[in-house]
Chemist: 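Take a look at this one; I'll ask things after.
Residue numbers run from 1 in the order of the sequence given. Counting starts at 1 for both ligands and their atoms, in listed order.
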Amino acid sequence: MKLRIGARLFEGPGPFLMGVVNATPDSFSDGGRFLDPGAAAAQAERLAAEGADLVDLGGESTRPGAAPVPVEEELRRVVPVVERLRAGGFALPISVDTMKAEVARAALAAGADLVNDVRGLADPAMARAVAEAGAPVVLMHMRGTPATMDQLATYRDLLGEVAAELRAAMARAAAAGIPEGRIILDPGLGFAKTPEQSVELLARVGELKALGRPLLVGPSRKRFIGHLTGASVADRLPGTLAAVTACVLAGVELLRVHDVAAARQAALVAAAVRRAGGGAALG
Ligand code: HH2
């Protein structure tokens with residue numbers, strides 16, 4: 001990949017680690033821990049020290065059935081954290097994980113560098129906000145909204161349909177004037193996917209490289225790991241690392257994780273194995 005995100009050029013196969021900071025009361029794995037702006041900023045600094053390449057800051061949970069957050073509340077959760085980090089000289093690019101154009105605009109104005117839109121520009125106002133800011137963007141695949149997505153996990157051809165729907169998101173970006181070179185794609189593990197479908201996406205994620213854009217995957221602590229192992233949310237790091245390894249072997253460039261130090265170790269070893277095997281041979 002070759003993509004500038006804020007002050008940093010992301011070049012080469014990576015793997016690059018996006019550390020998750022949820023300034024929410026109700027995120028599925030860390031809700032309530034980083035709602036206070038000082039705690040969220042401190043967590044971002046901690047993830048940077050662990051070796052994150054960028055951080056992803058969110059103020060609204062997207063877990064299945066999560067209640068929507070009013071825009072004023074989401075702004076209150078997110079913008080002060082970006083301001084605090086930038087005022088303190090935080091060195092890494094900041095991604096804002098939001099479905100709302102107004103939150104994306106305010107976060108970018110406060111010093112965020114990338115928009116992570118789990119709805120893949122379903123909202124034209126979001127496409128305009130990203131285009132006008134000249135920002136790079138993550139287009140994630142999902143169907144519906146977090147409230148409805150679990151009912152929409154029906155596919156005849158999972159990989160084909162996810163790829164076609166990501167292509168449609170890229171077309172929305174192009175129509176809004178967002179250059180293709182600013183796009184990162186994400187298959188959206190757990191979003192309108194059953195646990196079995198998330199596993200199939202992990203097994204075949206390398207096929208999405210045909211879309212020609214860098215790939216981001218977020219397996220961290222997710223439901224499919226609990227489904228396979230019986231582990232509670234707090235106990236899913238080993239399963240997360242197995243999923244990170246699978247992604248890196250398949251050539252995924254960016255991993256979105258809560259546990260950066262551990263994921264970095266798994267990703268670096270998997271990347272070395274991939275390189276030693278000739279890379280492409282593994283997918
Ligand atoms: N997963 C979550 C949130 N945002 N963004 C991208 N691009 N890809 C993902 O897989 C992804 C995402 C869900 O995880 P988390 O942020 O920990 O939980 P919650 O949505 O409950 O805040």
Side-chain angles (χ1 to χ4, degrees), residues 5 16-35 40 43-44 47 52 54-69 73-74 77-78 81 93-100 103-104 107 112 114-122 126 130 136-143 145-147 149-150 162 165-166 169 183-193 195 197-199 201-202 205 208 213-226 233-234 236-237 239-240 243-244 246-247 252-260 263:
I5 306 177
F16 301 106
L17 293 162
M18 172 188 261
V20 180
V21 180
N22 285 317
T24 62
D26 60 342
S27 285
F28 80 95
S29 79
D30 56 359
R33 288 186 59 199
F34 311 116
L35 186 55
Q43 178 65 2
L47 297 178
L54 71 169
V55 296
D56 187 39
L57 173 65
E60 177 174 41
S61 174
T62 53
R63 73 184 193 288
V69 176
E73 175 61 22
E74 194 177 332
R77 291 178 187 176
V78 169
V81 183
I94 299 172
S95 160
V96 58
D97 184 349
T98 185
M99 298 182 270
K100 297 190 185 73
V103 175
L114 168 72
V115 176
N116 174 19
D117 181 12
V118 298
R119 297 198 63 207
L121 304 181
M126 178 64 101
V130 170
V137 64
V138 176
L139 304 180
M140 198 193 77
H141 177 269
M142 85 152 142
R143 289 174 172 177
T145 66
M149 63 186 178
D150 275 357
V162 168
E165 290 166 32
L166 284 173
I183 294 174
I184 295 167
L185 298 175
D186 182 338
L189 297 185
F191 289 84
K193 319 288 182 318
Q197 289 161 350
S198 288
V199 172
L201 279 172
L202 276 176
V205 66
L208 297 176
R213 298 305 311 150
L215 298 176
L216 168 70
V217 178
S220 198
R221 304 178 182 170
K222 279 190 176 160
R223 198 168 26 151
F224 72 92
I225 299 171
V233 173
R236 294 180 185 162
L237 178 57
T240 299
V244 164
C247 288
V252 170
E253 291 93 342
L254 295 137
L255 283 310
R256 181 184 183 277
V257 292
H258 301 85
D259 305 283
V260 168

Chemist: Would you say the side chains of T98 and E60 form a donor-acceptor pair under 3.5 Å?
Modeler: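 No pair is found: no donor N or O on one side chain lies under 3.5 Å from an acceptor on the other.
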Chemist: Checking a contact table here: which protein heavy atom is nearest atom 21 (O) of ligand 1, and how many Å away?
Modeler: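 Atom 21 (O) of ligand 1 sits closest to the protein heavy atom S61 OG, 2.7 Å.
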Chemist: May I ask you to list the atoms of ligand 1 that are less than 4.0 angstrom from any heavy atom of G218?
Modeler: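 Those atoms are 10 (O).
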Chemist: Got a second to check how far M18's CE is from L57's CG, nearest 0.5 Å?
Modeler: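 Spacing of CE (M18) from CG (L57) equals 11.0 Å.
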Chemist: Is the contact between R63 and ligand 1 made by the side chain, the backbone, both, or neither, using heavy atoms and a 4.0 Å cut-off?
Modeler: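 Both backbone and side chain.
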Chemist: To which protein heavy atom is atom 9 (C) of ligand 1 closest, and what is the distance rounded to 0.1 Å?
Modeler: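 The protein heavy atom lying closest is K222 NZ, 3.5 Å.
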Chemist: From the options D97, D30, V257, N22, select the one whose nearest heavy atom is closest to atom 4 (N) of ligand 1.
Modeler: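 Answer by nearest heavy atom: D97.
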Chemist: Checking the N or O distance criterion of under 3.5 Å, is ligand 1 in contact with S29?
Modeler: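 No, there is no polar N/O contact under 3.5 Å.
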Chemist: Give me the nearest non-hydrogen protein atom to atom 8 (N) of ligand 1 as residue plus atom name, then the distance to 0.1 Å.
Modeler: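 Result: D186 OD2, 2.6 Å.
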Chemist: List ligand 1 atoms under 4.0 Å from L216, heavy atoms only on the residue side.
Modeler: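 This gives 7 (N) as the contact atoms.
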Chemist: Applying side chain to side chain contact (heavy atoms under 4.5 Å, CB included) between V55 and each of L17, L114, I94, report the one that passes.
Modeler: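 The passing option is I94.
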Chemist: Can you find an N or O of G188 that's nearer than 3.5 Å to an N or O of ligand 1?
Modeler: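 It does not: no N or O of G188 is found under 3.5 Å from an N or O of ligand 1.
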Chemist: How far apart are the C-alpha atoms of D26 and R63, what are their side-chain angles, what is the distance that settles it, and do they pass the side-chain contact (heavy atoms from CB on, under 4.5 Å) test?
Modeler: CA-CA 9 Å; D26 60 342; R63 73 184 193 288; 3.1 Å; yes
Chemist: Assess whether a salt bridge exists between D186 and R256, defined as any Lys/Arg side-chain N lying under 4.0 Å from an Asp/Glu carboxylate O.
Modeler: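 Between R256 and D186 there is no salt bridge, as every charged N stays at least 4.0 Å from the carboxylate O atoms.
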Chemist: Considering the heavy atoms of V138, write down every atom of ligand 1 situated less than 4.0 Å from one of them.
Modeler: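 Listed by number with element, the hits are 7 (N).
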Chemist: If you measure from the Lys or Arg side-chain nitrogens to the Asp or Glu carboxylate oxygens, is any gap between K100 and D117 under 4.0 Å?
Modeler: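 No, K100 and D117 are not salt-bridged.
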Chemist: What residue and heavy atom of the protein are closest to atom 17 (O) of ligand 1, and at what distance?
Modeler: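 Result: H258 NE2, 2.7 Å.
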Chemist: What atoms of ligand 1 come closer than 4.0 angstrom to any heavy atom of V118?
Modeler: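 Those qualifying, in numeric order: 4 (N), 5 (N), 12 (C).
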Chemist: Counting only N and O atoms by type, is there a donor-acceptor contact under 3.5 Å from the side chain of Q43 to the main-chain atoms of V21?
Modeler: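 Judged by distance alone, no pair lies under 3.5 Å.
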Chemist: Does ligand 1 have any atom that is closer than 4.0 Å to a heavy atom of R221?
Modeler: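 Not so, R221 does not reach ligand 1.
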Chemist: For atom 5 (N) of ligand 1, what's the nearest protein heavy-atom neighbour? Residue, atom name and distance, please.
Modeler: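 For atom 5 (N) of ligand 1, the nearest protein heavy atom is N116 ND2, 3.1 Å.
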Chemist: Let me confirm one number: the CG-CZ distance from L201 to F224, rounded to the nearest 0.5 Å.
Modeler: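 If we round to the nearest 0.5 Å, L201:CG and F224:CZ are 10.0 Å apart.
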Chemist: Could an N or O of ligand 1 be found under 3.5 Å from any N or O of D56, whether backbone or side chain?
Modeler: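 No, there is no polar N/O contact under 3.5 Å.
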Chemist: What protein heavy atom sits nearest atom 22 (O) of ligand 1, and how far away is it?
Modeler: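 I find the closest protein heavy atom is S27 OG, 2.4 Å.
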Chemist: Within less than 4.0 angstrom of ligand 1, does T24 place any heavy atom?
Modeler: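 So T24 does not count as touching ligand 1.
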Chemist: Can you check whether D26 has an N/O within less than 3.5 Å of an N/O in ligand 1?
Modeler: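 In this structure, D26 places no N or O atom under 3.5 Å from an N or O of ligand 1.
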Chemist: If you measure from CZ on F28 to OG1 on T62, what distance do you get to the nearest 0.5 Å?
Modeler: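 So the gap between those two atoms works out to 8.5 Å.
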Chemist: Measure the distance from atom 18 (O) of ligand 1 to every protein heavy atom, then report the residue, atom name and distance (to 0.1 Å) of the closest one.
Modeler: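 Protein heavy atom at minimum distance: F28 CD2, 3.2 Å.
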Chemist: Starting from atom 16 (O) of ligand 1, locate the nearest protein heavy atom and write down its residue, its atom name and how far away it is, to 0.1 Å.
Modeler: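 Checked against all protein heavy atoms, atom 16 (O) of ligand 1 sits closest to R256 NH2, 2.8 Å.
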Chemist: Between T62 and ligand 1, find which residue part has any heavy-atom pair under 4.0 Å and reply side chain, backbone, both or neither.
Modeler: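 Both parts.
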Chemist: Give me the atom names and distance for the closest heavy-atom approach of V217 to P219.
Modeler: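 Residues V217 and P219, closest heavy atoms: O-CD, 3.3 Å.
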Chemist: So, R236 side chain and I225 main chain: donor-acceptor pair closer than 3.5 Å or not?
Modeler: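 Side chain of R236 to backbone of I225, a donor-acceptor pair under 3.5 Å: no, none is there.
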Chemist: Measuring from S27:OG to R33:CZ, what's the distance to the nearest 0.5 Å?
Modeler: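 The distance works out to 11.5 Å.
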Chemist: Spell out, as yes or no, whether a donor-acceptor pair under 3.5 Å connects the side chain of R221 to the backbone of T240.
Modeler: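 Side chain of R221 to backbone of T240, a donor-acceptor pair under 3.5 Å: no, none is there.
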